[in-house]
Number of protein chains: 2
Amino acid sequence: MREEILESGVQLFLERGFNAAAVKDITDRAGVPKGSFYNHFESKEALAEVALERYGETRRMGDLADRSVPPVERMRRHFEFLRDELPEFTKGCMYGNFGAEVVDHSEPLRKRVKGGWEYWADQLAAAVAQGQSEGTIRASLDPQQAAYYLTSAWEGTLLRARADKSAEAFEIFFAVTFDALLA
Amino acid sequence: MREEILESGVQLFLERGFNAAAVKDITDRAGVPKGSFYNHFESKEALAEVALERYGETRRMGDLADRSVPPVERMRRHFEFLRDELPEFTKGCMYGNFGAEVVDHSEPLRKRVKGGWEYWADQLAAAVAQGQSEGTIRASLDPQQAAYYLTSAWEGTLLRARADKSAEAFEIFFAVTFDALLA
DNA sequence: GCCCCCAATATGACCGGTCGTCTCAAAGAT
DNA sequence: ATCTTTGAGACGACCGGTCATATTGGGGGC
């Protein structure tokens, strides 16, 4: 039962964000009675923390460390994976959702959002650094800064895609990132 | 009275986003009775539309067209202005706030958010194009794409700054944008 | 095998609070 | 006196969390 609740929480936090995903909606989707929720999670916030961890595990960050694929290629595939996993122009990334809605009110969630972004940027930075040592990514970039910038650009791209209801934002992200910024 | 409500709306939508800025909070800050709200605005959403227009007017987009300042410099100043206008690491841009919270539920607001971003990107693109014709911005960039990317990167930077509670995100935005992407 | 007891878990109605919106009596204007 | 505007508080919906009651499972005794 706990697992069903967690799964539904992941889905709804992803589709609607924190506030618009009510505990009742989550338990309804999980097919369990609302009162049972608090036998498994101390609070909605506590569920969100676990949901965020779970979501982060599905982002396949390991792909960014796969030495059998050249760095630029694996970065490209990484972002293509993230893009292809998106529900259709609805809220696209739990980190971004919580980052926009919750970090001002929940210190535990803010720390996890921050930590998740840092981890992601570290993986990207390692790939940038390897690309530089192989001469396929421009040498003048600071890997940590470039990686940080890419996480920002990606989250912003998700916002724009949602407002535009168009995939053009992603096309532009790929074109500018791989043909201009990293090249 | 209408003006006080509008002003308070702008402030609170900026500081807290749409959902966390209650009508009561807005009227409290405006110093007017809550029941009067609907004598001046049809709904909270209607206020948000007007507040967004008002906010957009204060972003000084005209600075981006000021031919007496070189393109790169005026872009830099533009983003410096936006950064310096921020309340301390709280929600930083009404377009981004509404983009994250509301565009899935309110078509009028989605259109205004989209339109505001498009207008902003057009101004940036014109500056990029001029910089290219003067040889100060790299020629291989598509001005519209670069401008679109910058709006994304900026909005994402705001998200990261909030989660990090640090100005480092802005430092990185400036370093990568002006020393790597545009150079 | 059956019954009883107890602890753990499940459950749905309830609670108090917040929220956007509306109503209608009172106040103001003519 | 009549008409228009105002605004306090009611309204119904929604929300996270609580809790009295019901159910279940395991252990022990006969």
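The figures that follow rest on heavy atoms only: side chains count, while hydrogens, waters and symmetry mates do not. First the proteins, then the strands, lettered A, B, ... as listed; each starts at 1.
Between the CE atom of Met1(A) and the P atom of dT24(D) there is a distance of 12 Å, rounded to whole Å. Spacing between atom CD of Glu45(B) and atom C1' of dC19(C) amounts to 16 Å, rounded to whole angstrom units. When the C1' atom of dT21(C) is taken as reference, atom CG of Asn39(B) falls 12 Å away, rounded to whole Å. In this structure, the NE2 atom of His105(B) is 15 Å from the C1' atom of dG20(C), given to the nearest Å. The CG atom of Asp28(A) sits 11 Å away from the P atom of dG12(C) (whole-angstrom rounding). Rounded to a whole Å, the CZ atom of Phe37(A) is 16 Å from the P atom of dG12(C).
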Side-chain polar contacts of residues 125-134 of chain A - donor-acceptor pairs under 3.5 angstrom, sequence neighbours left out - could you list them?
{"from": "Gln130(A)", "atom 1": "OE1", "to": "Arg74(A)", "atom 2": "NH1", "distance (Å)": "3.2"}
{"from": "Gln130(A)", "atom 1": "OE1", "to": "Arg74(A)", "atom 2": "NH2", "distance (Å)": "2.5"}
{"from": "Gln130(A)", "atom 1": "NE2", "to": "Glu134(A)", "atom 2": "OE2", "distance (Å)": "2.7"}
{"from": "Gln132(A)", "atom 1": "NE2", "to": "Arg138(A)", "atom 2": "O", "distance (Å)": "2.9"}
{"from": "Gln132(A)", "atom 1": "NE2", "to": "Leu141(A)", "atom 2": "O", "distance (Å)": "2.7"}
{"from": "Ser133(A)", "atom 1": "OG", "to": "Gln130(A)", "atom 2": "O", "distance (Å)": "2.9"}

Using atom names, set out every protein N or O paired with an N or O of nucleotides 9-16 of chain D below 3.5 Å, distance rounded to 0.1 Å.
{"from": "dG16(D)", "atom 1": "OP1", "to": "Lys44(A)", "atom 2": "NZ", "distance (Å)": "2.7"}
{"from": "dG16(D)", "atom 1": "OP2", "to": "Val23(A)", "atom 2": "N", "distance (Å)": "3.0"}

Between protein and nucleotides 25-30 of chain C, what N or O pairs are separated by less than 3.5 Å?
none

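Contact check, Ser36(A) against dT11(C): a side-chain N or O comes under 4.0 Å of OP1 or OP2.
For the ring pair (Phe, Tyr, Trp, His ring centres under 6.0 Å) test, residues two or more places apart in sequence or in another chain that qualify with Phe41(A) are Phe37(A). The ring pair (Phe, Tyr, Trp, His ring centres under 6.0 Å) test applied to Phe13(B) returns Phe18(B), Phe98(B), not counting sequence neighbours. For Gln145(B), the side-chain hydrogen bond (donor to acceptor under 3.5 Å, both in side chains) criterion is met by no residue, not counting sequence neighbours.
Ring pair Trp154(B)/Phe170(B): centre-to-centre distance below 6.0 Å.
Side-chain N/O atoms of Asn97(A) and Tyr55(A) include no donor and acceptor closer than 3.5 Å.
Listed here is the closest heavy atom pair of Ala180(A) and Leu181(B): CB-CD1, 4.1 Å.
Other residues, nucleotides and ligands place more than 12 heavy atoms under 6.0 Å from the CD atom of Glu3(B).
Using modelled atom types, one side-chain atom of Arg162(B) and one backbone atom of Gly99(A) make a donor-acceptor pair closer than 3.5 Å.
Counting any heavy atom pair closer than 4.0 Å across all strands shown, His40(A) reaches sugar-phosphate atoms only and no base atom.
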